[in-house]
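A quick note: this is a predicted structure, and the numbers were derived from the prediction, not measured.
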Amino acid sequence: MTESTKSATLSLDGNDYDLPIYSPTAGPDVLDIRKLYAQAGVFTYDPGFTSTASCDSTITFIDGEKGVLLHRGYPIDQLAGKSHYLEVCFLLLYGYLPTANELEKFETTITRHTMLHEQMTYFFRGFRRDAHPMAIMVGVVGAMSAFYHDSTDINDPHQREIASHRLIAKMPTIAAWAYKFSIGQPFVYPRNDMDYASNFLRMCFAVPAEEYQVNPILSRAMDRIFTLHADHEQNASTSTVRLASSSGANPFACIAAGIACLWGPAHGGANQACLEMLKEIGTPDRIPEFIARAKDKNDPFRLMGFGHRVYKNFDPRATVMKQSADEVLDLLGVENNPVLATAKALEEAALADPYFADKKLFPNVDFYSGIILEAMGFPTSMFTPIFALSRTVGWISQWKEQLDDPAHKIGRPRQLYLGETLRDYVDIENR
Ligand code: CMC
């Protein structure tokens with residue numbers, strides 16, 4: 001925690017209260033209100049945390065006005081262009097870019113943890129075949145605490161480390177098996193001679209009946225999608241993981257909580273919802289109708305893949321994703337993809353509309369990712385599981401950072417109570 005350099009004064013009922021102000025290395029100053037209730041007897045009110053810093057962190061920085069996203073200081077476009085997912089995982093977890101030896105060791109460790117306990121196959125088999133893969137992931141990741149007891153002691157740094165590696169390594173196997181189960185195909189086991197993204201593609205698309213060659217173009221695109229989703233500061237699912245962890249819950253339970261939160265259509269579920277929306281629009285001539293619906297206060301419809309709590313400018317991940325969509329479809333020889341054409345026309349129409357301009361609503365990471373994933377052969381139901389597996393490293397890095405902070409305490413928000421005050425119980429015959 002940094003030292004306060006200045007303070008603000010709150011005047012309330014004739015008393016003055018000094019609130020320390022911290023200056024971050026980047027971003028707006030932060031007012032420390034931790035002693036406010038003890039000193040002044042008032043709470044602050046901020047549903048949705050629009051003005052509240054819930055923790056201090058050194059992992060990821062976003063400047064929403066400028067459209068900047070940095071992991072440990074490195075811009076996302078450089079990481080997406082020059083690095084690869086496992087190197088970014090190392091960076092997020094340990095705070096610096098690894099040497100060649102460190103990276104090799106880390107990659108070997110992750111590779112050696114990709115298998116699941118064989119007994120876990122029965123967990124998958126217990127689900128209905130039509131279960132959403134996210135439902136399976138929430139269940140199976142939560143169940144990991146029943147299989148990996150030797151890495152659930154959060155007070156042991158070694159166990160914390162092993163749990164981190166296990167989660168990053170096993171998540172692709174879990175996501176791929178959730179998919180395989182849903183289509184009635186046998187589980188494909190991970191292979192140690194393949195890189196992280198290729199291994200995932202193989203576990204999703206190989207069948208025992210014939211050889212499967214991973215297309216290096218798809219593998220690179222997959223790795224880039226993982227990288228673009230790796231972490232995103234204190235978003236809803238990350239905050240969920242931190243809150244779950246604040247009670248001392250084990251890492252597998254915390255990550256299962258994060259997956260559950262990510263599933264919602266306002267968060268990670270937006271990629272599935274966005275592709276479904278683009279298909280429903282169908283052709284560019286129907287765009288005005290959907291834009292009108294998105295602007296109509298009486299219609300709950302929103303343009304999926306548009307808008308962001310923090311970005312009030314282009315989401316830098318969307319810029320890379322759009323380029324990637326063009327490249328992947330081009331390299332796969334997909335010409336005149338109608339969904340991509342609709343997406344581009346919709347983006348152009350929305351950006352030219354004063355409603356979206358005034359509210360600073362721009363395409364977010366989910367706007368183009370579904371198009372790439374579909375071109376790779378994934379059904380829409382797999383989009384959010386892929387987001388979850390990519391984000392696991394972010395959740396784990398933030399979880400680790402929280403536990404490494406000796407001052408961490410249980411999260412316990414307060415409330416503005418507007419309910420009934422004390423009243424006497426009324427017997428049922430008198431109601
Ligand atoms: N379409 C139409 N209007 C919108 C949209 C949209 N996609 N997003 C926000 N607005 C309007 C909203 O109606 C509100 O208008 P008004 O001020 O007149 O009431 C204003 O913009 C501010 O919206 P908000 O809901 O108060 O903003 P928020 O910061 O709470 O919500 C959001 C952010 C991402 C939930 C929202 O923009 C949204 O629902 N977008 C669609 C879902 C989506 O694409 N989510 C993925 C986010 S990026 C990936 C991730 O984080 O998982």
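Between Phe127 and Phe181, the gap from one ring centroid to the other reaches at least 6.0 Å. Phe252 and Phe147 have their aromatic ring centers separated by at least 6.0 angstrom. For Phe378 and Phe205, the gap between ring centers is short of 6.0 Å. Under the 6.0 Å cut-off for aromatic ring centres, His117 and Phe123 do not qualify, their centroids lying 6.0 Å or more apart.
Contact of the Cys55 side chain with the Gln402 side chain is not registered, since no non-hydrogen atoms from C-beta on lie closer than 4.5 Å. Between Phe226 and Val393 the shortest side-chain heavy-atom distance does not fall below 4.5 Å. Looking only at side-chain heavy atoms (C-beta outward), Ser57 and Glu401 come within less than 4.5 Å of each other. A 4.5 Å side-chain heavy-atom check between Phe187 and Arg125 finds at least one atom pair inside the cut-off. Using a 4.5 Å heavy-atom threshold, the side chains of Ile174 and Phe124 count as touching. Put simply, the side chain of Tyr179 does not reach to within 4.5 Å of the side chain of Pro385, judged on heavy atoms. Contact of the Pro251 side chain with the Arg160 side chain is not registered, since no non-hydrogen atoms from C-beta on lie closer than 4.5 Å. Inter-residue side-chain proximity for Trp395 and Leu167 is flagged as unmet; no heavy-atom pair is nearer than 4.5 Å.
Other residues, nucleotides and ligands place more than 12 heavy atoms under 6.0 Å from the CD atom of Glu65. For Tyr212, the OH atom is densely surrounded, since the number of other residues' heavy atoms within 6.0 Å is greater than 12. Environment of CD in Gln213: sparse, with no more than 12 heavy atoms of neighbouring residues, nucleotides or ligands closer than 6.0 Å. At most 12 non-hydrogen atoms from other residues, nucleotides or ligands lie less than 6.0 angstrom from OH of Tyr45. When the shell of 6.0 Å around CD of Glu348 is examined, it contains 12 or fewer heavy atoms from other residues, nucleotides or ligands. Other residues, nucleotides and ligands contribute only 12 or fewer heavy atoms inside 6.0 Å of the CZ atom of Arg128.
Taking the six-membered ring where the residue is Trp, His113 and His165 present tilted rings, their angle falling between 30° and 60°. Ring pair His232/His308 is perpendicular by interplanar angle, where above 60° counts as perpendicular and below 30° as parallel.
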Practice task
Take Tyr196 and Thr111 through the test side-chain contact (heavy atoms from CB on, under 4.5 Å) and record every step on the way to the result.
Solution key: CA-CA 8 Å; Tyr196 193 84; Thr111 307; over 6 Å; no
Exercise for the section: Give the intermediate values and the outcome of side-chain contact (heavy atoms from CB on, under 4.5 Å) for residues Phe90 and Lys105. Expected result: CA-CA 11 Å; Phe90 186 102; Lys105 195 168 160 230; over 6 Å; no
Problem - Test side-chain contact (heavy atoms from CB on, under 4.5 Å) applied to Val88 and Tyr74, step by step - result: CA-CA 10 Å; Val88 172; Tyr74 299 102; over 6 Å; no
Exercise for the section: Using the side chain to side chain donor-acceptor pair (under 3.5 Å) rule, take Arg242 and Ser54 through it: C-alpha gap first, then chi angles, then the decisive distance, then the call. Expected result: CA-CA 10 Å; Arg242 279 188 180 257; Ser54 58; 5.9 Å; no
Practice task
Go through the steps for Asp285 and Thr283 under the test side chain to side chain donor-acceptor pair (under 3.5 Å), then give the verdict.
Solution key: CA-CA 6 Å; Asp285 59 297; Thr283 45; 2.6 Å; yes
Handout entry: Stepwise side-chain contact (heavy atoms from CB on, under 4.5 Å) test for Asp315 and Phe367
Key = CA-CA 10 Å; Asp315 177 341; Phe367 195 67; over 6 Å; no
Exercise for the section: Apply side chain to side chain donor-acceptor pair (under 3.5 Å) to Tyr368 and Glu347, showing your working. Expected result: CA-CA 10 Å; Tyr368 285 102; Glu347 177 187 341; 2.4 Å; yes
Handout entry: side chain to side chain donor-acceptor pair (under 3.5 Å) assessment of Gln159 paired with Tyr148
Key = CA-CA 10 Å; Gln159 291 201 28; Tyr148 302 103; over 6 Å; no
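Side chains of Asp223 and Ser219: no donor on one and acceptor on the other come within 3.5 Å.
Considering CE of Met321 and CZ of Arg224, their distance stands at 9.5 Å, rounded to 0.5 Å. The structure places CH2 of Trp399 at 5.5 Å from CG of Leu403, a figure rounded to the nearest 0.5 Å. Residue Thr121 holds its OG1 atom at 9.0 Å from CG of Leu116, rounded to the nearest 0.5 Å. The distance from atom CG of Asp156 to atom CD of Glu161, rounded to the nearest 0.5 Å, is 10.5 Å.
The cationic group of Lys360 does not satisfy the cation-pi geometry with Phe362, failing either the under 6.0 Å distance to the six-membered ring centre or the 45° limit from the ring axis. Note that Arg414 lies outside the cation-pi zone of Phe43, set by a 6.0 Å cut-off to the ring centre and a 45° limit from the axis.
Taking the charged nitrogens against the carboxylate oxygens, Arg220 and Glu327 have no contact shorter than 4.0 Å, which rules out a salt bridge. Using a 4.0 Å cut-off between charged side-chain N and carboxylate O, Arg286 and Glu280 make no salt bridge. Taking 4.0 Å as the cut-off between side-chain N and carboxylate O, Arg293 and Asp296 do not count as a salt-bridged pair.
Remark: side-chain polar atoms of Ser246 are paired, donor with acceptor, to backbone N or O of Leu243 under 3.5 angstrom. Counting only distance, with no hydrogens or angles, the side chain of Asp63 and the backbone of Val68 share no donor-acceptor pair below 3.5 Å. Arg166 places no side-chain N or O within 3.5 Å of a backbone atom of Met144 that could act as its donor or acceptor partner. In terms of modelled atom types and a separation under 3.5 Å, the side chain of Lys180 and the main chain of Cys204 share a donor-acceptor contact. Within the 3.5 Å criterion, the main-chain N or O of Gln234 finds a donor-acceptor partner in the side chain of Ser239. Judged purely by atom type and a 3.5 angstrom limit, Thr392 uses its side chain to pair as donor or acceptor with the backbone of Ala388. Remark: side-chain polar atoms of Asn364 are paired, donor with acceptor, to backbone N or O of Gly307 under 3.5 angstrom. A donor-acceptor pair is defined here as one N or O able to donate and one able to accept, closer than 3.5 Å; no such pair exists between the side chain of Thr173 and the backbone of Met115. Judged purely by atom type and a 3.5 angstrom limit, His408 has no side-chain atom pairing as donor or acceptor with the backbone of Asp404. Side-chain N or O atoms of Arg72 include one that pairs as donor or acceptor with a backbone N or O of Thr58 at under 3.5 Å.
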Donor-acceptor contacts under 3.5 Å from residues 255-274 side chains, at least two apart:
from	atom 1	to	atom 2	distance (Å)
His267	NE2	Asn235	OD1	3.3
His267	NE2	Ser237	N	3.2
His267	NE2	Ser237	OG	2.9
Asn271	OD1	Thr384	OG1	3.1
Asn271	ND2	Phe383	O	3.2
Gln272	OE1	His132	NE2	3.1
Gln272	NE2	Glu276	OE2	3.0

Check: residues 75-85 side-chain donor-acceptor pairs under 3.5 Å, at least two apart:
from	atom 1	to	atom 2	distance (Å)
Ser83	OG	Glu87	OE1	2.5
His84	NE2	Glu107	OE2	2.8
Tyr85	OH	Ser390	O	2.7

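Scanning both residues, Leu97 and Leu91, for their nearest heavy atoms gives N-CD1, 3.8 Å.
Listed by chain and number, the residues in a side-chain hydrogen bond (donor to acceptor under 3.5 Å, both in side chains) with Asp231 are Thr60, Gln398 (sequence neighbours excluded).
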